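Structure record follows, encoded as C-alpha cells.
Quick caveat, the model's predicted, so the values are computed rather than measured. Residue numbers start from 1 in every chain, and the chains themselves are labelled A, B, ... in the order their sequence lines are given, proteins ahead of strands.
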Number of protein chains: 2
Amino acid sequence: MTRRPSSRVTIRDVARAAGVSVATVSKVINGRDGIADATSARVLGVVAELGYESSLIATSMRRRRTNVIGVLVAEFEPFALQLLRGVSSALQGTDYDILAYAGSVSAGDHSGWERRSLSRLGGTLIDGAIIVTPTVALPETSVATVAIDPHAGPAGPATVDTDNLGGARAATEHLIAQGHRRIAHIRGRVDLESARQREQGYRQALEAAGLPFDPALVVDGAYRAATSTPAATALLELPEPPTAVFAANDLSAIEAIRVARTHGLRVPDDLSVVGFDDIPEAVSADLTTVRQPLHEMGAAAVRILLEMLGGSGPEHIRMPAEIVVRGSTAPPRG
Amino acid sequence: MTRRPSSRVTIRDVARAAGVSVATVSKVINGRDGIADATSARVLGVVAELGYESSLIATSMRRRRTNVIGVLVAEFEPFALQLLRGVSSALQGTDYDILAYAGSVSAGDHSGWERRSLSRLGGTLIDGAIIVTPTVALPETSVATVAIDPHAGPAGPATVDTDNLGGARAATEHLIAQGHRRIAHIRGRVDLESARQREQGYRQALEAAGLPFDPALVVDGAYRAATSTPAATALLELPEPPTAVFAANDLSAIEAIRVARTHGLRVPDDLSVVGFDDIPEAVSADLTTVRQPLHEMGAAAVRILLEMLGGSGPEHIRMPAEIVVRGSTAPPRG
DNA sequence: CTGAAAGCGCTAACAC
DNA sequence: GTGTTAGCGCTTTCAG
C-alpha cells in the first residue's frame with residue numbers, strides 16, 4: 001500500500017505485497033516449477049488484486065520470445081490496412097498478438113524506414129516481422145521476416161506478391177479491347193518491383209496490340225494520391241491527351257478521376273480509368289481495377305512466418321491478379 | 001568487425017568501433033552538447049557505417065518520451081482500421097510514430113484486453129494511448145489516454161464518440177417512414193455505451209411512431225459477424241418474422257443480409273436492412289447505414305491526445321451521425 | 001523451495 | 001570533454 005501513487009504496478013510491488021522475492025514472483029507468473037503451492041497461490045492472489053501485468057518492454061529485454069508478431073508499414077493507408085486485416089484474422093486463435101508499426105509517419109525521409117523500424121523493434125519486441133512494401137533490400141536480420149510486395153522480386157528473404165505483370169497486361173488489354181489507342185500510365189513507386197512489373201505489363205500489352213509506346217504518356221504517381229495530382233494534371237493538359245489511363249494503384253486511379261472531373265471531363269465518357277489493388281475504396285469509386293487478394297496475402301504471410309518461426313526456410317508465394325470491371329471504363333467517344 | 005555474427009548492432013558495438021565509451025555514443029546520438037566536434041563526427045560515421053539504430057525497447061525503459069503514440073484495439077476489424085487511418089493521417093508530419101496493438105487476438109477472454117495492453121505497453125513504450133471500444137472503465141493511468149466509443153458515456157477520461165442515440169433514431173425512423181411496422185434490432189456489444197444508446201434510439205423511434213415494442217425482435221449480435229449469424233437466423237425463423245432489421249453495426253447488418261439470402265429472401269424486397277458505422281464494406285454491400293465520420297474521429301482523438309500531452313485536461317467530443325440511404329431498404333411488399 | 005545477483009541496451013547524473 | 005556508475009523491470013543461473 002506504500003507504492004508510489006500514479007505509477008504502474010511492477011513486479012516489485014507484487015513481491016513486496018506477497019512477502020516474497022522478485023525472482024519468486026517471476027517464476028510463479030511464468031509457471032516455472034519448484035514453487036510451493038501455497039506460495040504460488042498467494043502470489044497469484046496479489047497479482048489479481050493489484051492488477052499486475054508484466055511489462056512487455058522489460059520482458060522482451062530479458063527474454064527471447066514475446067509472442068508478438070510485428071507488421072511494419074510506412075503508413076496506415078488502405079492497402080496496408082487490408083493486409084493487416086488478413087494478418088489479424090489469420091492470427092486469431094494462435095498464441096500471437098499483433099503489433100503494427102508505422103515508421104515513416106514522423107520521419108521525413110521515406111526511404112529506409114523498414115530498416116529503421118526493424119532495428120528499433122527487432123531487439124526482441126517482436127518474434128517475427130511482416131514488412132509491407134519495403135523500399136530497400138532487407139538486411140539479414142536475426143528476426144524472421146517476410147516481405148509483402150517486396151523491393152526486389154521473389155528472392156532472398158521470404159516474400160508474398162501478386163502476378164503484377166499479368167494483372168497490368170490484363171488491365172491494359174481491357175482498355176485496348178474497348179478501342180482505346182492513346183492509353184497513359186501513372187507509374188507506381190519505382191523502387192518497388194511491383195511498380196516496374198506493372199509498367200512492364202502495360203508496355204507488353206501495347207506492343208502486343210501493335211500500339212506505339214509514347215514516353216510522354218507515362219508519369220510518376222508513386223502510389224500516392226498527393227503525387228498523382230500533378231501527374232494526372234500533366235497528362236490531361238497534354239496537347240493530345242489520352243482517352244484512357246492505367247494507374248499503378250487505386251489511390252492514383254481515384255485521384256486521376258478527381259483531377260479529370262476538375263478538368264470538366266466525365267468518367268468514363270471522356271476518360272476511362274483503371275486501377276490496381278481493389279481496395280475497399282475502389283468499390284465506392286466504381287473503379288475498374290485489378291484485384292489483389294489482400295486478405296489472403298496477409299494470411300499467407302502469417303503462414304510463412306509461423307513456419308519460419310518453427311524452423312522452416314523462407315518461401316515465396318505469388319498470388320493471382322484478376323481484373324474487376326466496374327463503371328470507370330468504356331469505349332472512347334467517336 | 002569482431003561482433004557476433006547475426007545479432008543486432010548495439011550501442012556497445014558502436015562505442016567499441018569508435019573507440020569511445022557507451023555514454024559518449026549516447027550523447028552524440030541524442031545531440032547532447034559537450035562533445036568535441038571531432039568525436040561526434042567519428043561516432044556518427046561509425047553509426048552510419050554499422051547501420052546502428054537505437055533499440056526502442058531499451059530506450060523506452062530509461063527515458064520518459066518515446067515519441068510513439070499507441071492505438072490499442074481488440075482486433076484489426078474494419079471499424080478500428082478506419083479510425084487508424086484517421087489517426088495516421090492526423091499524425092503525419094508530427095514528431096510521432098504510431099504503434100497499433102491488437103491485444104485480444106491471442107487471449108481467449110475479450111474482456112479487459114485494454115487494461116492488459118495498456119499495462120504491457122504503458123511502461124513507457126508509448127507516450128499516449130488511443131483506445132478503441134474499451135470493454136471496461138479505464139484505470140487511472142500514468143499515460144495519457146483517450147477512448148473512442150467508450151465503455152461508459154463521455155465522462156472521466158477523454159472520449160470521442162458519436163451521436164449514437166440520434167443516429168439510431170434516424171435509422172429506425174427511415175424504416176418506419178417506408179411503411180415498416182415489424183422492425184427488429186440486432187443489438188451491439190451491450191458492455192458499450194454506444195450499443196445501449198443505439199437500442200435506446202431504436203425504442204424511442206418506435207414509441208414516437210406509436211409502434212409496440214416486441215422483445216422477441218431484439219437479438220444480440222455483439223457487433224460481430226460470427227455472433228450475428230445465429231441472431232439473424234432466429235429473427236428470420238420467427239413465426240411472424242420482421243420486414244426490416246436495424247443492426248447496431250455494419251458487420252452485423254451485412255451478416256443479416258447474407259443470412260436472409262440463404263433463407264431465400266431478397267433484400268430489400270423481402271427484408272430491409274439498415275446498419276451503423278459506414279465502413280468501406282457498407283458501400284460494396286449497398287447497405288443503407290448511419291455514417292460515423294471515422295476518419296475525423298481518429299483525427300479528433302489525436303488532437304485531444306496531443307493537447308493532453310501538452311498539459312491540457314481531458315476533453316469530450318461528440319460527432320454527428322448521419323443516415324446514408326442506399327439500396328438495402330425499401331417499403332415492405334403488400 | 002526460495003533468494004541474491006547478474007545483466008538485457010540504454011540514458012542520466014556525477015566524477016575525473 | 002569524456003568515462004564511470006547506477007538503474008529502468010524483468011528473467012535466469014546459481015547458491016543456500
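- A:I11 has its CD1 atom 14 Å from the C1' atom of C:dT2, to the nearest Å.
- Backbone-only contact: B:T59 has heavy atoms under 4.0 Å from sugar-phosphate atoms and none from a base.
- In this structure a side-chain-to-backbone donor-acceptor pair under 3.5 Å is present from B:T66 to B:L125.
- Qualifying side chain to side chain contact (heavy atoms under 4.5 Å, CB included) partners for B:A299, counting only residues two or more places apart in sequence or in other chains: B:A90.
- The distance between atom CG of A:L125 and atom P of D:dC10, rounded to the nearest whole Å, is 14 Å.
- If you measure from atom CD1 of B:I57 to atom C1' of D:dT11, you get 16 Å, rounded to the nearest angstrom.
- The CG-P distance, from A:L56 to D:dT11, rounds to 11 Å in whole Å.
- Taking side-chain N and O atoms only, B:R12 has a distance below 4.0 Å to OP1 or OP2 of C:dC8.
- OP1 or OP2 of C:dT11 has not a single side-chain nitrogen or oxygen of B:R32 nearer than 4.0 Å.
- Atom pair B:R120:CZ and D:dC10:P shows a separation of 11 Å (rounding to whole Å applied).
- Side-chain atoms of B:R189 come within 3.5 Å of backbone atoms of B:T133 as a donor-acceptor pair (strictly under, hydrogens ignored).
- Close to C:dG9, at under 4.0 Å from its OP1 or OP2, lies no side-chain N or O of B:S55.
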Pair up each side-chain donor or acceptor in residues 146-153 of chain A with any protein partner under 3.5 Å, not counting sequence neighbours, and list the distances.
residue : atom : partner : partner atom : Å
A:D149  : OD1  : A:S194  : OG           : 2.9
A:D149  : OD2  : A:S194  : OG           : 3.3
A:H151  : ND1  : A:T135  : O            : 3.0
A:H151  : ND1  : A:D191  : O            : 2.8

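- Looking only at distances, no side-chain donor or acceptor of B:Y52 sits under 3.5 Å from a matching main-chain atom of B:D13.
- Applying the salt bridge (charged side-chain N to carboxylate O under 4.0 Å, His left out) test to pairs two or more places apart or on separate chains, none has a residue in residues 20-32 of chain A.
- Comparing the axis of the opening five pairs of the helix from C:dC1-D:dG16 to C:dC16-D:dG1 with that of the closing five pairs yields an angle of 50°, rounded to 10°.
- Atom CD1 of B:I29 and atom C1' of C:dA12 are 15 Å apart (whole Å).
- No side-chain donor-acceptor contact under 3.5 Å links B:R120 to the backbone of A:L56.
- Rounded to whole angstrom, the span from the CZ atom of B:R63 across to the C1' atom of D:dG9 amounts to 18 Å.
- In this structure, CZ of B:R65 is placed 16 Å from C1' of C:dT11, rounded to the nearest angstrom.
- Residue B:S54 places its side chain closer to C:dC10 than to any other of D:dC10, D:dC8, C:dC10.
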* Produce a footprint string for nucleotides 1-6 of chain D: one letter per nucleotide, 5' end first; B if the base is under 4.0 Å from any protein heavy atom, S if only the sugar-phosphate is, - if neither. => BBBB-B

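- Looking at B:S40, its side chain never comes within 3.5 Å of a backbone N or O of B:A36 through a donor-acceptor pair.
- For B:A23, the side chain to side chain contact (heavy atoms under 4.5 Å, CB included) partners are B:S21, not counting sequence neighbours.
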